[in-house]
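All remarks here apply to the structure that follows.
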Amino acid sequence: MANENYTVKNVDSFIITGFDNLQNQKLFGALILIAYMLILLGNSINLCIILTGRHLHKPMYILIGNLAVVDIMYSSTCSTTMISVLLAEIKTVSYYSCMSRMFFFHLGDITECMALTLMAIDRLVAIRLPLRYHSIVTNSRTFLLIFLTWLIGFTALGFVTSVADNLPYCQPLIRYVFCGYPSLVRAACVDAEPYFIPSTILSVWILCGQFPFIMCTYAVLAYSVTKLSNNANRKQMISTCSSHLIVLLIFYTPKLVSALLTRIGVVLALTERNALSVIGTVIPPLVNPTVYCTRTKEIRKILLGVFFHKKIAPNH
């Protein structure tokens with residue numbers, strides 16, 4: 001029901017006001033621009049290496065490529081808005097542009113979570129069932145699972161977006177740093193609490209479902225690695241799993257901090273919530289390609305070959 005303090009009207013655009021109290025906006029905008037360019041560069045390099053290296057057309061690298069695509073989409077939807085506001089001083093975002101950015105931002109959030117889950121399962125099968133790995137985890141099954149994660153994301157976000165699109169908006173102000181579902185709900189002239197149910201369900205699923213499952217998977221992996229008799233295999237598995245664990249913790253830490261602080265009754269100021277949002281949307285896509293470039297043996301070998309003009313023979 002519309003709030004009686006406002007007059008319901010159709011808005012054709014929203015104004016982003018999350019950075020209004022920030023000092024040195026140009027400097028911060030320049031930092032986000034540099035980070036965004038590095039995100040595009042790093043993830044594009046990973047994608048190019050995986051697409052052009054036929055010996056990398058394997059499930060693990062297909063999953064890394066999927067994560068790179070998700071990272072590009074995830075960061076683009078919010079980084080471009082923040083760069084526009086901070087550097088170009090264009091605070092206005094059209095209604096449908098804001099809706100579409102919200103859709104793809106949350107789609108990236110969900111698909112990244114599920115991509116990390118698939119990568120954890122892939123490593124679990126590789127270590128627990130090494131002799132059956134290639135018969136269980138095939139390229140076709142990997143593509144099917146990736147397709148299903150995107151289908152789930154599109155379905156869930158289609159519903160969430162339809163809810164946001166049908167809200168009566170009585171003020172065009174968004175007090176956050178980009179278009180997200182919570183910011184749009186708070187801009188509507190309705191009692192916000194009932195409309196947070198869809199986003200709460202997704203958050204609970206991610207933090208209380210996916211995250212504990214992935215952590216249990218890595219606990220089993222850690223136990224299995226200690227049982228490997230071959231030191232070379234043990235080091236390789238530790239290196240691969242530690243790469244995945246670094247990516248996992250960087251992605252989930254801002255979400256866990258926000259959830260835990262809220263759980264213990266700490267009320268975060270708007271500036272603090274915006275800071276967590278910026279960290280959570282810029283840092284993971286920036287770190288992910290760096291981790292996989294430096295800690296994944298095959299990708300590292302190809303990069304070294306490019307920089308030092310050496311021909312790298314693929315491992316068979």
Check whether any side-chain heavy atom of [X] lies under 4.5 Å from a side-chain heavy atom of [Y], and answer yes or no.
| X | Y | result |
| --- | --- | --- |
| F14 | C179 | no |
| I90 | V85 | no |
| L86 | L22 | yes |

Exercise for the section: Using the rule that two of Ile, Leu, Val, Met, Phe, Trp, Tyr join whenever any of their side-chain heavy atoms come within less than 4.5 Å, decide whether I152 and W150 are in one cluster. Expected result: yes
Practice task
Using the rule that two of Ile, Leu, Val, Met, Phe, Trp, Tyr join whenever any of their side-chain heavy atoms come within less than 4.5 Å, decide whether F178 and F19 are in one cluster.
Solution key: yes
Practice task
Indicate, with yes or no, if the rings of F105 and Y181 have centres closer together than 6.0 Å.
Solution key: no
Exercise for the section: Tell me whether the guanidinium CZ or amine NZ of K255 lies under 6.0 angstrom from the six-membered ring centre of F251 and within 45° of its axis. Expected result: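 Yes, K255 and F251 form such a contact.
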Mind checking the [atom1]-[atom2] spacing from [X] to [Y]? Nearest 0.5 Å is all I need.
| X | Y | atom1 | atom2 | answer |
| --- | --- | --- | --- | --- |
| L67 | M114 | CG | CE | 12.5 Å |
| R123 | Y218 | CZ | OH | 9.0 Å |
| S76 | L40 | OG | CG | 5.5 Å |

Exercise for the section: Could you go through the side-chain contact (heavy atoms from CB on, under 4.5 Å) check for Q25 and L87 one step at a time? Expected result: CA-CA 8 Å; Q25 292 189 14; L87 293 182; over 6 Å; no
Exercise for the section: Determine the interplanar angle of the Y169 and Y95 rings, folded into 0 to 90°, and report it as parallel if under 30°, tilted if 30 to 60°, perpendicular if over 60°. Expected result: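 Y169 and Y95: perpendicular rings.
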Distance-minimising heavy-atom pair for [X] and [Y]:
| X | Y | value |
| --- | --- | --- |
| P182 | F196 | CA-CE2, 3.7 Å |
| Y74 | G280 | OH-O, 3.6 Å |
| P289 | N46 | CA-ND2, 3.4 Å |
| G18 | N274 | O-ND2, 3.6 Å |
| T77 | T80 | O-OG1, 3.9 Å |
| I174 | C98 | CD1-SG, 3.7 Å |

Problem - Heavy atoms from other residues, nucleotides or ligands near NE2 of H134 exceed 12 (cutoff 6.0 Å) - result: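 Count not over threshold, so no.
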Handout entry: Neighbour count above 12 (heavy atom, 6.0 Å) for N21 CG
Key = no
Exercise for the section: Start with the C-alpha distance between I206 and Y252, add both sets of side-chain angles, then the distance that settles side-chain contact (heavy atoms from CB on, under 4.5 Å), and finish with yes or no. Expected result: CA-CA 9 Å; I206 290 173; Y252 273 103; 3.5 Å; yes
Practice task
Report the C-alpha separation of S277 and R273 in whole Å, then their side-chain angles, then the decisive distance to 0.1 Å, and conclude whether the side-chain hydrogen bond (donor to acceptor under 3.5 Å, both in side chains) test is met.
Solution key: CA-CA 6 Å; S277 296; R273 291 200 297 269; over 6 Å; no
Practice task
Using a strict 4.0 Å threshold on nitrogen-to-oxygen distance, state whether R175 and D20 make a salt bridge.
Solution key: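 No salt bridge links R175 with D20.
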